Enquirer: 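Could you have a look at this structure, given as structure tokens, before my questions?
Bear in mind the structure is a predicted one, so any value in this text is a computation, not a measurement. All values below were derived from every heavy atom in this structure, side-chain atoms included, with hydrogens, water molecules and symmetry-related copies excluded. Numbering of ligands and ligand atoms starts at 1, following listing order.
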Amino acid sequence: MAFFTTLTSRTFSHSAMMSNSIKNVTVIGSGLMGAGIAQVAAQTGHSVIMVDIDDALVSKAQKRIQDSIQRVAKKKFGENEEASKFISESLSHLTTSTDAVTSVGSADLVVEAIVENLDIKKKLFMQLDKAAPSHTIFASNTSSLSIAKIADATDRKDRFGGLHFFNPVPVMKLLEVVRIPETSEATFSKMTQFGKTMGKVIVQCKDTPGFIANHLIVPYLLAAIRLVERGDGTMEDVDTAMKLGAGYPMGPFEVLDHIGVDLFKSISEDWSTRFPEEQAYRVPSTLVKKVEEGKLGRKTGEGFYKYN
Ligand code: CAA
Ligand code: NAD
């Protein structure tokens, strides 16, 4: 099956599912989140360009999308012709690029899902602001950074917001749509409509630390690490307790390996710098050690647990 093409020109195939004004979507960053966002946007009929910094990273993302979309198709249609049609139609909406600046030339929406670092995100948006058409809406998928601070790098704060997806994007139903004071009603409404077209359930958020979900998840995960650091329980027992006692689908250490230990360390570092009085946000030494050892979670084969 012919899967992906490299970007030459963006084509748009009209789909019955398209009911909002966002048709052309550029996703910058093709890691855990960017690949998932690009996949679901393509599945729902948007014309998508997925961007990363080199061909090897783009190829890795294409492989992840192929595996994921097959799972989605199997769940939706079983193993029949409809499943193959769904896969090939979805992927026909998806092209790739290694040039962020040229990839935004006809974008209605840019979703940024690059490394969780304020300066790097600002540098990217500053470049994109010059290259994108004036109507293009910019959104960050940041887990923990201030959307307003990222938007400061641009002259389009009225067309800037947050689209915070959850991992794995093809499976998780929630989308947090985040506004800053300058976000216009039209922008907020288009972002919300885009999320609904993606099949997500929307919650509206202000630009507060961690928005809604991560504001609660981050201290919980940090508390789980500290509990084990104190020797009050093993990580296996903590995971079991939260799955069987609280009904969570994954225990906190499984979640940490799932989202990336390095990402979580960045979140904790940023919040402990921004809120030095808040003891709950301090960076646990276990996180520092894991990252130094390259044990970043499932993506490196080992984090808190080992994976095949
Ligand atoms: N695409 C990609 N991955 C998929 C997938 C798809 N279409 N379908 C399933 N998965 C993944 C799962 O992660 C898991 O991986 P492995 O097979 O490699 O072990 C596996 O596929 C499980 O498959 P199942 O079909 O058995 O999945 P399930 O229906 O039992 O549910 C799950 C899997 C939805 C991930 C569930 O375990 C869950 O809800 N876990 C909690 C996830 C969570 O907490 N996410 C939020 C993290 S916080 C966040 O995202 C915000 C942030 O800013 C950090
Ligand atoms: P990741 O490390 O898996 O992927 C980031 C990708 O961005 C990498 O492939 C990297 O090469 C690429 N990249 C970096 N700079 C770039 C640039 N200038 N241009 C193009 N590509 C560039 O990271 P991730 O886990 O997917 O996280 C991405 C963003 O999504 C972060 O802001 C994170 O906070 C957020 N987020 C992550 C999760 C999660 O569970 N991992 C959940 C929700 C939100």
Enquirer: With a 4.0 Å cut-off on heavy atoms, does Gln39 reach ligand 1?
Expert: no
Enquirer: Any atom of ligand 1 sitting under 4.0 Å from a heavy atom of Lys75?
Expert: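 True for this residue.
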Enquirer: With heavy atoms of Phe166 as the reference, note each atom of ligand 1 found under 4.0 Å away.
Expert: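 Those atoms are 49 (C), 50 (O), 51 (C).
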Enquirer: Give the C-alpha distance, both sets of side-chain angles, the deciding distance and a yes or no for salt bridge (charged side-chain N to carboxylate O under 4.0 Å, His left out) between Lys243 and Asp239.
Expert: CA-CA 6 Å; Lys243 285 189 287 188; Asp239 277 350; 5.8 Å; no
Enquirer: Check ligand 2 for close polar pairs with the protein: N or O on both sides, less than 3.5 Å.
Expert:
from     : atom 1 : to     : atom 2 : distance (Å)
ligand 2 : 3 (O)  : Leu32  : N      : 3.0
ligand 2 : 9 (O)  : Asp52  : OD2    : 2.6
ligand 2 : 11 (O) : Asp52  : OD1    : 2.6
ligand 2 : 26 (O) : Leu32  : N      : 3.3
ligand 2 : 26 (O) : Met33  : N      : 2.8
ligand 2 : 30 (O) : Asn141 : ND2    : 3.0
ligand 2 : 32 (O) : Ile114 : O      : 3.3
ligand 2 : 32 (O) : Glu116 : OE1    : 2.6
ligand 2 : 32 (O) : Lys121 : NZ     : 2.7
ligand 2 : 34 (O) : Glu116 : OE1    : 2.9
ligand 2 : 34 (O) : Glu116 : OE2    : 3.4
ligand 2 : 34 (O) : Ser143 : N      : 3.2
ligand 2 : 34 (O) : Ser143 : OG     : 2.7
ligand 2 : 36 (N) : Ser143 : OG     : 3.1
ligand 2 : 40 (O) : Asn167 : ND2    : 3.0
ligand 2 : 41 (N) : Ile259 : O      : 3.0

Enquirer: Identify the heavy atoms of Leu145 and Phe211 that sit nearest to each other, and give their distance.
Expert: O-CZ, 4.1 Å
Enquirer: Can you confirm whether something in the protein, heavy atoms only, sits under 4.0 Å from atom 7 (N) of ligand 1?
Expert: yes
Enquirer: Between Ser97 and Val58, what is the shortest heavy-atom contact and its length?
Expert: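 Of all heavy-atom pairs spanning Ser97 and Val58, the closest is O-CG2, 3.9 Å.
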Enquirer: Which atoms of ligand 1 sit under 4.0 Å from any heavy atom of Val171?
Expert: 4 (C), 5 (C), 6 (C), 7 (N), 8 (N), 9 (C), 34 (C)
Enquirer: Taking all heavy atoms of Ala100 and all of Leu128, pick out the closest pair and write down the distance.
Expert: O-CD2, 3.7 Å
Enquirer: When you look at Tyr220 and Asn214, which way does the side chain to side chain donor-acceptor pair (under 3.5 Å) test go after all the steps?
Expert: CA-CA 9 Å; Tyr220 154 70; Asn214 279 352; over 6 Å; no
Enquirer: Can you list the atoms of ligand 1 that are under 4.0 Å from a heavy atom of Ser143?
Expert: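 Near Ser143, the atoms of ligand 1 are 52 (C), 53 (O), 54 (C).
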Enquirer: So which bit of Ser68 gets within less than 4.0 Å of ligand 1, heavy atoms only: side chain, backbone, both or neither?
Expert: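 Both backbone and side chain.
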Enquirer: Looking at atom 26 (O) of ligand 1, is any protein heavy atom nearer than 4.0 Å to it?
Expert: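 Answer no: nothing from the protein, no heavy atom, is under 4.0 Å.
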Enquirer: Give a yes/no verdict on whether any heavy atom in Arg298 is under 4.0 Å from an atom of ligand 1.
Expert: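 The answer is yes, since Arg298 has a heavy atom less than 4.0 Å from ligand 1.
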Enquirer: Checking side-chain contact (heavy atoms from CB on, under 4.5 Å) between Ile114 and each of Ile120, Val51, Ile53, which is the one that passes?
Expert: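 Filter result, single survivor: Ile120.
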Enquirer: Nearest 0.5 Å, please: how far is CG in Leu256 from CG in Leu222?
Expert: 8.0 Å
Enquirer: Looking only at protein heavy atoms, which one is nearest to atom 20 (C) of ligand 1, and how far off is it?
Expert: Arg71 NH2, 3.2 Å
Enquirer: Look at atom 12 (C) of ligand 1 and say whether a protein heavy atom is found at less than 4.0 angstrom from it.
Expert: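 It does not: no protein heavy atom is found less than 4.0 Å away from atom 12 (C) of ligand 1.
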Enquirer: If you count every heavy atom of other residues, nucleotides or ligands that lies below 6.0 Å from His135 atom NE2, does the total exceed 12?
Expert: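 Counting other residues, nucleotides and ligands, NE2 of His135 exceeds 12 neighbours.
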Enquirer: Could you identify the single nearest non-hydrogen protein atom to atom 48 (S) of ligand 1 and state the distance to 0.1 Å?
Expert: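 So the nearest neighbour among protein heavy atoms is Ile259 CG2, 3.9 Å.
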Enquirer: Quick one: are the ring centres of Phe86 and Phe77 less than 6.0 Å apart?
Expert: yes
Enquirer: Can you give me the closest heavy-atom contact between Arg282 and Gln279, atom names plus distance?
Expert: NE-OE1, 2.9 Å
Enquirer: Hey, are Asp119 and Lys123 close enough for a salt bridge, meaning a charged N less than 4.0 Å from a carboxylate O?
Expert: no
Enquirer: Does atom 30 (O) of ligand 1 have a protein non-hydrogen atom under 4.0 Å from it?
Expert: no
Enquirer: Grab the two heavy atoms, one from Arg226 and one from Pro284, that are nearest each other, plus how far apart they are.
Expert: NH1-CG, 3.8 Å
Enquirer: Hey, which atoms in ligand 1 end up nearer than 4.0 Å to a heavy atom of Asn167?
Expert: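 Here the atoms of ligand 1 in question are 42 (C), 43 (C), 45 (N), 46 (C), 50 (O).
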Enquirer: State whether any protein heavy atom lies less than 4.0 Å from atom 33 (C) of ligand 1.
Expert: no
Enquirer: Show every donor-acceptor pair shorter than 3.5 Å between a side-chain atom in residues 157-167 and any protein atom, with sequence neighbours excluded, or say none if there are none.
Expert:
from   : atom 1 : to     : atom 2 : distance (Å)
Lys157 : NZ     : Asp152 : OD1    : 2.8
Arg159 : NH1    : Ser134 : O      : 2.5
His164 : ND1    : Glu176 : OE1    : 2.9
Asn167 : ND2    : His258 : O      : 3.2

Enquirer: If I compare all heavy atoms of Ala83 with all of Gly78, which pair ends up nearest, and what's the gap?
Expert: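 That closest heavy-atom pairing would be CB-O, 3.4 Å.
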Enquirer: Against heavy atoms of Pro170, which atoms of ligand 1 measure under 4.0 Å?
Expert: 1 (N), 7 (N)
Enquirer: If you measure from each non-hydrogen atom of Asn214 to ligand 1, which part falls under 4.0 Å: side chain, backbone, both or neither?
Expert: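 Under 4.0 Å from ligand 1, Asn214 contributes side-chain atoms alone.
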Enquirer: Counting each atom of ligand 1 from 1 as listed, which ones have a heavy atom of Val72 under 4.0 Å away?
Expert: 7 (N)
